[in-house]
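One structure is given below, encoded as structure tokens.
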Amino acid sequence: MQSMKFSTRAIHAGQDPDPATGATIVPIYQTSTYTQTGIGEHRGYDYGRTVNPTRVALETQLAALEDAEFCSAFASGMAATAAVLSCLSAGDHVVVSDDLYGGTYRYFSRVLERYGLTFSYVDMASLDAVRAAVTPQTRLFWAETPTNPLLKLVDIAALASIKRPGQLLAVDNTFATAYLQSPLALGADVAVYSTTKYIAGHSDVIGGAAVTNDRQTAEAIRFYQNAAGGIPGPMDAYLVMRGAKTLAVRMRQHDHNARAIAEFLAARDDVARVHYPGLPSHPQHALARRQMRGFGGMLSFVLRGPASRTFAFAKEVRLFSLAESLGGVESLLCHPARMTHGSIPKEDRERRGVTETLLRLSVGIEDEEDLVADLERALDATLALAAR
Ligand SMILES: *Cc1c(COP(=O)(O)O)cnc(C)c1O
């Protein structure tokens, strides 16, 4: 599989015909336990939390997407995040990018701080800021790139060069996916995913994964997966696996549509800012070209006018559902300050640029013309409010 290209791996890795029946598609092994042929005699399957064939097939597939050796699948992206953080102990320190998925921030600040871990939030676009945050206790660097919701980039290779022996670099690759970006090849130790998003891609399942080439880290994550039990059920593993087969074709269309929308928005006078790494105006456009194989389907923008216009706009769009989450085939609109990032204190939020007039789009794979027309109509319909 390793020598094959992306979609071939996505469709074939871990997807051997079922040994019992020849079923072409990996069955949903909906079982909690396995009958043993004699005491101590079984085929490596003993209990469903520890191992399940459908989950193993998914893990094999997701590792292959990354050209990696090891993958553990989880019940959610947060469960995958927790598994990576379980490699640390009380007293350890983590350097984190300050533009962060709200749930990750909540988990770090409200759960793990109570367990004796400490966190420094820095703008990882500045390597000096990252270096300055390192302490003798630093064990982990946690980066998101592109970030949510401002689409800032972190130079993964540069970050990897700061890392010292005994320190790990984890990259939340949920936005780009392995199709557009290869954190492990760039020097990261672990790639973390909310498979809920692009990998499953149909907004019908919650899941997560942690992928690595480092055996010791893989074993620690696997141990935690069984010990804490945040596993995906067989049905969920199947749904993620089915989605992942079409990741490449979907990502190409997400990327195509998002570029068109970013250009459309950037050309409007009533839009104050557009955050999209594919725009030459993005401060890290050159890095995006170097580090990514495309720019993805996520973008955010700031509407001109008072917050009341932003709220009116959110009611006006028809094809974009006002919803949290991202990465599905259907387009979504989100107001980060009141939705995904609501758990971040207001002052922190505003300082980071997550203001009341910021909107985030998860651009789906509908036809580009229809999406642009929908946004255009909603912008025009709320134009009068912009002048106030
Ligand atoms: C959604 C998301 C998560 C959390 O994943 P869940 O599957 O919702 O637990 C983590 N990181 C990013 C960037 C996300 O978008």
Side-chain angles (χ1 to χ4, degrees), residues 58 62 71-86 94 96-112 121 124 140 142-154 156 170-181 183 188 190-211 224-225 228-233 236-237 239-241 243-244 247 251 254 258 275 277 292 296-300 323-328 332-336 339-344 352 354 360-364:
L58 168 67
L62 295 183
C71 169
S72 288
F74 292 91
S76 68
M78 287 319 303
T81 297
V84 175
L85 269 294
S86 80
V94 187
V96 195
S97 60
D98 63 359
D99 192 10
L100 192 66
Y101 176 68
T104 304
Y105 176 80
R106 177 177 55 200
Y107 178 60
F108 289 176
S109 63
R110 312 247 324 251
V111 180
L112 293 182
Y121 298 88
M124 285 192 165
L140 176 70
W142 184 277
E144 251 182 56
T145 182
T147 64
N148 178 16
L150 294 173
L151 287 296
K152 288 202 279 181
L153 265 56
V154 174
I156 298 171
V171 173
D172 183 333
N173 203 31
T174 298
F175 271 35
T177 78
Y179 181 68
L180 294 179
Q181 178 168 275
V190 193
V192 186
Y193 292 94
S194 168
T195 55
T196 310
K197 317 294 168 52
Y198 288 105
I199 291 181
H202 294 73
S203 307
D204 54 7
V205 63
I206 301 282
V211 180
Y224 183 83
Q225 182 195 41
I231 51 154
D236 287 358
L239 284 170
V240 174
M241 188 160 61
L247 180 61
M251 286 313 284
H254 284 297
H275 303 282
M292 304 174 73
M298 297 302 299
L299 63 91
S300 58
E324 298 205 6
S325 198
L326 59 109
L332 303 179
L333 171 75
C334 160
H335 186 264
M339 296 166 71
T340 49
H341 291 61
S343 59
I344 301 176
R352 293 177 199 184
V354 182
R360 186 189 79 180
L361 298 183
S362 170
V363 178

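Atoms within a ligand are numbered from 1 in the order they appear, just like the ligands themselves. From a predicted model like this one, the values you see are computed outputs, not experimental measurements.
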Margin query: Is there a side-chain contact between Met298 and Ser362 in this structure, where contact means two heavy atoms from C-beta onward sitting under 4.5 Å apart?
Written below: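 A side-chain contact under 4.5 Å exists here.
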
- request: Indicate yes or no: at least one non-hydrogen side-chain atom of Leu112 is less than 4.5 angstrom from one of Val94.
  value: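 No, every pair of side-chain atoms sits at 4.5 Å or beyond.
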
Polar contact flag for [X] and ligand 1 (N/O pairs, less than 3.5 Å):
X	result
Phe175	no
Ser194	yes
Gly77	yes
Thr196	yes

Would you say [X]'s side chain and [Y]'s backbone share a donor-acceptor pair under 3.5 angstrom?
X	Y	answer
Thr196	Gly207	yes
Ser300	Pro149	yes
Gln225	Ser72	no
His275	Arg360	no

I want to check a possible cation-pi pair here: Arg352 against Tyr105, using under 6.0 Å from ring centre and within 45° of the ring axis as the test.
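The answer is yes, since Arg352 meets both limits relative to Tyr105.
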
Can a non-hydrogen atom of Thr195 be found less than 4.0 Å from any atom of ligand 1?
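Checking ligand 1 against Thr195, which is what was asked, there is no heavy-atom contact under 4.0 Å.
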
Self-check item: Sub-4.0 Å heavy-atom contact, Gly207 with ligand 1
Solution: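 Distance cut 4.0 Å: Gly207 passes for ligand 1.
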
Worksheet item: Which atom pair, heavy atoms only, marks the closest approach of Asp236 to Ile206?
Response: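 Heavy atoms of Asp236 and Ile206 come nearest at OD2-O, 4.2 Å.
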
*Residue portion contacting ligand 1 (non-hydrogen atoms closer than 4.0 Å) for Thr81*: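 Within the 4.0 Å criterion, Thr81 makes no contact with ligand 1.
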
Residue, atom name and distance, where the atom is the protein heavy atom closest to [atom]:
atom	answer
atom 4 (C) of ligand 1	Tyr101 CE2, 3.4 Å
atom 13 (C) of ligand 1	Asp172 OD2, 3.4 Å
atom 2 (C) of ligand 1	Lys197 NZ, 2.5 Å

Which atoms of ligand 1 are found less than 4.0 Å from any heavy atom of Leu326?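 Selected atoms, number and element: 15 (O).
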
